[in-house]
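Labels below follow one simple rule: chain letters A, B, ... track the order of the sequence lines, proteins then strands, and each chain is numbered from 1. Every heavy atom of this structure was used, including side-chain atoms; hydrogens, water molecules and symmetry mates were not.
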Amino acid sequence: MKLHEKLLTHYLSCTSPVDKEGYLYKKKERNATYQRRWFVLKANLLFYQERPADRHLLGVIVLEGCAVRRSESDGQFAFSLVFEGPGLKTYRFAAGDGQIQESWVKALLSASHCYLSLLVRDLGRQYEDAKQQQGSGTSRHSSSLSALKHSTHFLPVQGRAAVVREGRSFSACPVLQTQSTTPKVVAKKSPKLWPRRNAHVTPLNGPAPLYGEWPLVGFDPLEDFGKLHDYYGQEVKKAREEWLGSRRAKDESIDGHLIDLG
Amino acid sequence: MRFNEKELVSLSRQPSEMAAELGMRGHKKGDVVKKRLVKLVVNFLFYFRTDEEEPIGALLLEQCRVEREDSQSFSIAFLDEAERKYLFECDSEEQCGEWVDSIVKASYESMRKNLIFYRTEIHRLTGKDPLEQYGISDETRFQVNNGLQLTPRDTSSL
């Protein structure tokens with residue numbers, strides 16, 4: 001398949017700002033060594049090159065359909081981009097320290113088009129609500145946070161998690177479908193709340209079925225973004241607490257940024 | 001430049017509301033209109049030969065200009081070059097309009113602008129930052145003054 005590279009490089013170099021850039025180590029697939037690369041994140045595209053000043057781009061990773069995972073088993077400050085599906089890759093990275101790791105994981109989690117799309121719809125609805133409420137003087141809590149109170153598989157919802165949402169498998173996105181695989185880590189798998197339809201059954205040649213026929217019939221993305229956020233947030237909250245716990249050994253003060261709303 | 005081809009091909013197979021057989025003409029001189037299955041997924045426009053499973057190509061729909069050419073066809077111009085234009089022929093005026101609309105809305109940059117607008121307005125109307133509940137208020141990509149934002153650099157010695 002031809003990826004019109006010039007369009008990507010043009011986009012990268014155009015005036016709209018970059019979302020994040022910095023050095024990371026990227027693991028080579030073959031011999032498992034790490035190579036330091038300069039990464040530039042813009043929209044749902046992760047570019048990399050040897051050095052910041054280089055004109056020559058080594059590569060780009062399109063960030064759709066991947067989960068972002070902290071992978072300490074790969075080494076210190078390691079994380080990965082896991083594309084789920086037969087024959088699809090996992091990109092492995094390591095950061096220079098925990099802070100860099102944290103900030104990259106966070107940035108990558110909110111990078112996909114899919115995520116942004118859900119977020120925009122959610123905010124669009126909040127905006128409409130807010131406009132209607134304007135005269136009444138009441139500020140209304142977002143109705144989108146009707147959290148999952150019950151779930152057989154997953155971590156109990158403890159209320160809002162003001163932390164980064166992790167393990168965003170693309171079953172959460174109304175546009176993408178997910179493969180069903182055996183859950184390795186429970187909180188990262190599809191909630192299986194919605195009936196799923198196998199997109200491979202869809203004839204490629206025909207017009208796409210109407211939106212309503214797709215997996216998320218009855219799914220209200222506006223309402224559910226909050227649910228998704230809460231739901232995936234639990235795993236992240238836990239991981240973050242573990243990470244903070246290891247930091248506490250060095251630093252006595254408790255991280256004030258973590259708001260406990262539970 | 002390397003790219004995650006398999007993953008992109010997998011992406012191209014995802015369900016999409018905008019997928020149809022259109023006439024497509026490339027930007028080069030001498031290019032003719034060919035029947036292609038054109039599919040919009042996220043901010044990429046994939047195009048396939050009618051019976052094939054793997055797309056011929058993928059066009060990133062950022063920094064491009066979509067224009068109505070006539071009642072049933074539209075064009076997409078890339079790289080700020082008027083000449084680098086792809087032409088698409090639809091079956092109806094309505095279909096043409098839908099495509100133009102969808103492509104414009106599909107761009108990440110336009111979504112980001114909407115997000116920033118909503119964020120600002122919601123804050124103005126309610127006094128609250130709607131991104132706080134998701135823990136993403138500080139992300140560069142969502143900053144209100146996005147155009148002026150300094151990019152964070154991680155130049156710690158590794």
Side-chain angles (χ1 to χ4, degrees), chain A residues 1-8 10-11 14 16-23 36 43-44 57-62 64-65 83 85 87-89 96-97 100 107 110 113 116-117 119-120 123-124 126-127 130-131 134 139 142 160 162-164 175-177 199 202 204-205 207-208 211 214 229, chain B residues 1-11 13-20 37 41-43 48 50-51 53-60 62-63 78-79 108-109 111-112 114-115 118-119 121-122 125-128 130 133-136 139-141 146-147 149 151-156 158:
Chain A
M1 180 184 72
K2 177 179 182 179
L3 177 67
H4 296 251
E5 292 178 12
K6 266 196 180 173
L7 305 188
L8 273 76
H10 179 252
Y11 175 56
C14 80
S16 68
V18 151
D19 296 325
K20 188 166 183 64
E21 56 187 347
Y23 280 112
R36 192 173 82 150
N44 53 349
L57 289 172
L58 291 173
V60 65
I61 302 170
V62 177
E64 296 295 329
F83 286 85
L88 302 188
K89 282 192 186 135
D97 63 38
I100 296 172
S110 56
H113 187 281
L116 184 58
S117 174
L119 189 57
V120 168
L123 257 57
Q126 286 189 44
Y127 169 62
K131 276 203 294 187
Q134 199 181 2
S139 81
S142 167
R160 295 184 193 187
V163 293
V164 170
V175 173
L176 305 181
Q177 73 132 23
T202 307
L204 204 56
N205 299 342
Y211 185 75
W214 283 105
H229 171 78
Chain B
M1 183 171 78
R2 277 175 269 147
F3 67 97
N4 50 335
E5 182 165 1
K6 271 198 180 151
E7 290 70 22
L8 253 190
V9 171
S10 171
L11 181 69
R13 295 178 59 81
Q14 302 305 320
S16 163
E17 288 171 46
M18 297 303 291
L37 175 67
V41 184
V42 296
N43 53 346
F48 304 71
T50 307
D51 286 323
E53 293 196 340
E54 183 171 313
I56 304 167
L59 295 161
L60 176 71
E62 301 293 335
Q63 303 288 304
F78 294 96
L79 306 184
Y108 196 99
E109 291 301 329
M111 281 168 48
R112 194 210 302 265
N114 285 339
L115 186 100
Y118 289 141
R119 185 185 186 184
E121 285 298 295
I122 291 167
L125 293 168
T126 69
K128 286 186 184 170
Q133 66 186 167
Y134 300 127
I136 48 177
E139 288 300 315
T140 312
R141 69 178 69 246
N146 194 254
Q149 194 77 9
T151 56
R153 280 177 179 267
D154 296 316
T155 49
S156 57
L158 295 177

Among residues at least two apart in sequence or on other chains, which ones pass ring-ring contact (aromatic ring centres under 6.0 Å, His included) with B:F3?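 With sequence neighbours excluded, B:F3 shows a ring-ring contact (aromatic ring centres under 6.0 Å, His included) to no residue whatsoever.
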
Non-hydrogen atoms of [X] and [Y] that approach each other most closely:
{"X": "B:M1", "Y": "A:V60", "value": "CE-CG1, 3.7 Å"}
{"X": "B:L115", "Y": "A:L119", "value": "CD1-CG, 3.5 Å"}
{"X": "A:L7", "Y": "B:L59", "value": "CD1-CD2, 3.7 Å"}

Rounded distance [0.5 Å steps], [atom1] in [X] versus [atom2] in [Y]:
{"X": "A:L88", "Y": "B:K6", "atom1": "CG", "atom2": "NZ", "result": "7.5 Å"}
{"X": "B:E62", "Y": "A:C14", "atom1": "CD", "atom2": "SG", "result": "8.5 Å"}
{"X": "B:N43", "Y": "A:N44", "atom1": "CG", "atom2": "CG", "result": "4.0 Å"}
{"X": "B:L60", "Y": "A:Y11", "atom1": "CG", "atom2": "OH", "result": "7.5 Å"}
{"X": "A:L116", "Y": "B:Y108", "atom1": "CG", "atom2": "OH", "result": "4.5 Å"}
{"X": "A:Q126", "Y": "B:Q133", "atom1": "CD", "atom2": "CD", "result": "5.0 Å"}

If you count heavy-atom pairs within less than 4.5 Å of chain A, which of B:Q63, B:M111, B:R119 leads?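 Heavy-atom pair counts peak at B:M111.
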
Within a strict 4.5 Å, meaning less than it, do heavy atoms of the B:L79 and A:H4 side chains meet?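 No - every pair of side-chain heavy atoms lies 4.5 Å or more apart.
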
Could you check whether any side-chain heavy atom of B:V42 comes within less than 4.5 Å of a side-chain heavy atom of A:V62, counting everything from C-beta outward?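 No - every pair of side-chain heavy atoms lies 4.5 Å or more apart.
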
Without swapping roles, check the side chain of B:E5 against the backbone of A:M1 for a donor-acceptor pair under 3.5 Å.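 Yes, B:E5 side chain to A:M1 backbone: donor-acceptor pair under 3.5 Å.
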
Counting only N and O atoms by type, is there a donor-acceptor contact under 3.5 Å from the side chain of B:N4 to the main-chain atoms of A:I61?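 Checking the backbone N and O of A:I61 against the side chain of B:N4, no donor-acceptor pair under 3.5 Å is found.
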
Please identify each residue that fulfils side-chain contact (heavy atoms from CB on, under 4.5 Å) with A:A107, with sequence neighbours left out.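 Only A:K20, A:L41, B:E139 meet the side-chain contact (heavy atoms from CB on, under 4.5 Å) criterion with A:A107.
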
Neighbour count above 12 (heavy atom, 6.0 Å) for A:K89 NZ: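 Yes.
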
Given that the side chain runs from C-beta out, which part of B:I56 has a heavy atom under 4.5 Å from chain A: side chain, backbone, both or neither?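 Only the backbone of B:I56 comes within 4.5 Å of chain A.
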
